[in-house]
Student: 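Structure provided below as structure tokens; questions to follow.
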2 protein chains.
Amino acid sequence: MRADAKKNYEHILAVANVVVTKHGANASLRDIARKAGVGLGTLYRHFPTRAALLDALLRTGFDELTAKARELETASSPDDALVSWLRDVVTFTGNYQGVVAAMTAAMEDTESALHASCVTLRTAGTRLLTRTQAEGLARTDMNGDDLFSLAAALAWLGDQPSSAPRAEHLFRIIASAILSNRASGD
Amino acid sequence: MRADAKKNYEHILAVANVVVTKHGANASLRDIARKAGVGLGTLYRHFPTRAALLDALLRTGFDELTAKARELETASSPDDALVSWLRDVVTFTGNYQGVVAAMTAAMEDTESALHASCVTLRTAGTRLLTRTQAEGLARTDMNGDDLFSLAAALAWLGDQPSSAPRAEHLFRIIASAILSNRASGD
DNA sequence: ACCTGAACACCGTTCAAGT
DNA sequence: ACCTGAACACCGTTCAAGT
């Protein structure tokens, strides 16, 4: 990558971080290009899709969450590790309003630039869940997809002004559901 | 209302039902007007906001859900009534992709044309929840807002292709969390 | 009273033309 | 190689002009 191109890339990303933090994952790309003082085509050259931009924006955070999962795997009891990590995931994605919808969409679309990151995240969660289940501390009728879905739902609730005030409480309700070690109960 | 106006009103609503069912709650209003063979201003005259259109579209269903809640209150055991009603709410809103976001927004915005319907729905749910709690069959650290949030989250999950296949399973997980009669668990 | 559609200010996306 | 911004096909919303 040429030096000037790299500079543009970095600058667009920095501006995007500000704009997306403020206006959410559906922020105007035109607006980002404008604020970055760059042509609209330049933004598209570096980030051919919105998912590509979001992935570049979130990858550092995703990597940190993956690393965190590994630490927790040895440092904490299984149930504490799972809940603590889940909280981190929800908190992080909650920083970017609307990003969780992009993530659930990317989960299904293997062509999405966000796909790999989401799969990595799900894998990390699955490991923590499996470990907790093995100790009989989490319900066994759940898999990593369910965990990802519940995390996404909690993040989405955090985006809704009507639910946000009780987000922590809703988190605890769902966390307790995961940790109840019953078989598929109805 | 003049006869021709009424006819337009009804026809727009019928077309909107088709379009919103197919393309979701954010469907193009222009498209609806076009397909209804009506000027764009006519649509805005009858439905000044998107929320007003959605409310007109959903009110029948909301009324049915409210009536259903009353029936269940006398016909079923508290826990069965609550879960059965919750499932109906989730199923109904799940028919219109994206409508649940409009509902959570309307919950906070007293000026929204959807506000009253959402409050009515929440009230119906609160009654079923309170009754279940009184019998010691639902966790007591929850209120009607939480129930509404959890219903919304489940409906939202149903809209996400990555979660939809396990929507029923996720429903059961959350339903079981509501029905676990423990105090505020950590 | 009610309807129409042009007008305005925005989008996302593409691509010829420039350096 | 990379950048620019006009062009295209869409939006939501308003409102003067028509019937």
Side-chain angles (χ1 to χ4, degrees), chain A residues 1-57 96-99 101-102 105-106 109 111-114, chain B residues 1-57 96-99 101-102 105-106 109 111-114:
Chain A
M1 185 145 55
R2 237 163 58 177
D4 56 341
K6 177 154 188 169
K7 193 172 175 181
N8 272 334
Y9 178 93
E10 307 287 5
H11 189 228
I12 291 169
L13 211 50
V15 171
N17 194 16
V18 173
V19 175
V20 169
T21 300
K22 190 168 183 186
H23 296 105
N26 296 310
S28 160
L29 298 179
R30 232 191 197 83
D31 190 37
I32 293 172
R34 212 153 35 208
K35 278 177 174 138
V38 109
L40 195 42
T42 304
L43 189 150
Y44 272 93
R45 157 172 279 263
H46 289 299
F47 307 103
T49 63
R50 179 178 238 104
L53 178 60
L54 291 177
D55 188 63
L57 217 54
Y96 303 91
Q97 189 231 88
V99 91
D109 177 11
E111 304 300 310
S112 167
L114 256 173
Chain B
M1 184 144 56
R2 237 163 55 177
D4 55 342
K6 176 154 189 170
K7 192 170 175 182
N8 273 334
Y9 178 94
E10 307 288 5
H11 189 227
I12 290 169
L13 212 49
V15 171
N17 194 17
V18 174
V19 176
V20 169
T21 300
K22 189 168 183 186
H23 295 105
N26 296 309
S28 160
L29 299 179
R30 235 193 194 82
D31 190 36
I32 293 172
R34 213 153 33 206
K35 278 177 175 139
V38 110
L40 196 42
T42 303
L43 188 150
Y44 272 92
R45 157 173 278 263
H46 289 299
F47 308 102
T49 63
R50 187 182 291 274
L53 178 59
L54 290 177
D55 188 63
L57 217 54
Y96 302 91
Q97 190 230 92
V99 91
D109 178 11
E111 304 300 311
S112 167
L114 256 173

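Below, chains carry the letters A, B, ... as their sequence lines are ordered, and counting in each starts from 1.
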Student: Taking atom P of dC2(C) as reference, at what distance in whole Å does atom CZ of Phe47(B) sit?
Tutor: 14 Å
Student: So what does Ala27(B) touch, heavy atoms closer than 4.0 Å: a base, only the sugar-phosphate, or nothing?
Tutor: sugar-phosphate
Student: Quick one: Leu54(A) CG to dG12(C) P, roughly how many Å, whole number?
Tutor: 12 Å
Student: Is any side-chain heavy atom of Tyr96(B) closer than 4.5 Å to one of Asn17(B)?
Tutor: yes
Student: If you define the side chain from C-beta out and look only at heavy atoms, does anything of Leu53(A) sit under 4.5 Å from Leu29(A)?
Tutor: yes
Student: Look at all strands and tell whether Ser28(A) reaches a base, only sugar-phosphate, or nothing, counting heavy atoms closer than 4.0 Å.
Tutor: sugar-phosphate
Student: Side chain of Thr42(A): nearest nucleotide among dT4(C), dC3(D), dC11(C)?
Tutor: dC3(D)
Student: Would you tabulate the nitrogen or oxygen pairs shorter than 3.5 Å linking the protein to nucleotides 13-19 of chain C?
Tutor:
| from | atom 1 | to | atom 2 | distance (Å) |
| --- | --- | --- | --- | --- |
| dT13(C) | OP2 | Tyr44(A) | OH | 2.8 |

Student: Kindly indicate whether the side chain of Asp31(A), heavy atoms from C-beta on, has any atom under 4.5 Å from the side chain of Arg34(A).
Tutor: yes
Student: Does a side-chain N or O from Asn8(A) land closer than 4.0 Å to OP1 or OP2 of dC2(D), or not?
Tutor: no
Student: Only Watson-Crick and G-U wobble pairs with both distances less than 3.5 Å should count. Give DNA chain C in dot-bracket notation, marking inter-strand partners with |.
Tutor: ||.|||||...|||||.||
Student: Can you check the Tyr9(B) OH to dC3(C) C1' distance for me, whole Å?
Tutor: 17 Å
Student: Determine: side-chain N/O of His46(A) to OP1/OP2 of dC3(D), distance under 4.0 Å, yes or no.
Tutor: yes
Student: Under 3.5 Å, side-chain donor or acceptor atoms of residues 4-12 of chain A against the rest of the protein: list the pairs with distances, not counting sequence neighbours.
Tutor:
| from | atom 1 | to | atom 2 | distance (Å) |
| --- | --- | --- | --- | --- |
| Asp4(A) | OD1 | Arg2(A) | NE | 3.1 |
| Asp4(A) | OD2 | Arg2(A) | NH2 | 2.9 |
| His11(A) | ND1 | Ala36(A) | O | 3.3 |

Student: Is the phosphate of dC11(D) approached by Arg34(B) (side-chain N or O, under 4.0 Å from OP1 or OP2)?
Tutor: yes
Student: Using a 3.5 Å distance criterion without hydrogens, assess whether the side chain of Arg50(A) forms a donor-acceptor pair with backbone atoms of Ala25(A).
Tutor: yes
Student: Calculate, to the nearest 0.5 Å, the distance between atoms CD and NZ belonging to Gln97(B) and Lys22(B) respectively.
Tutor: 13.5 Å
Student: dC3(D) C1' sits how many Å from Asp4(A) CG, rounded?
Tutor: 9 Å
Student: Using whole Å, what does the distance between atom C1' of nucleotide dC10(D) and atom NE2 of His23(B) come to?
Tutor: 14 Å
Student: Please report the distance, rounded to the nearest Å, between CE in Met1(A) and P in dA1(D).
Tutor: 14 Å
Student: CD1 of Ile32(B) versus C1' of dG12(D): gap in Å, rounded?
Tutor: 12 Å
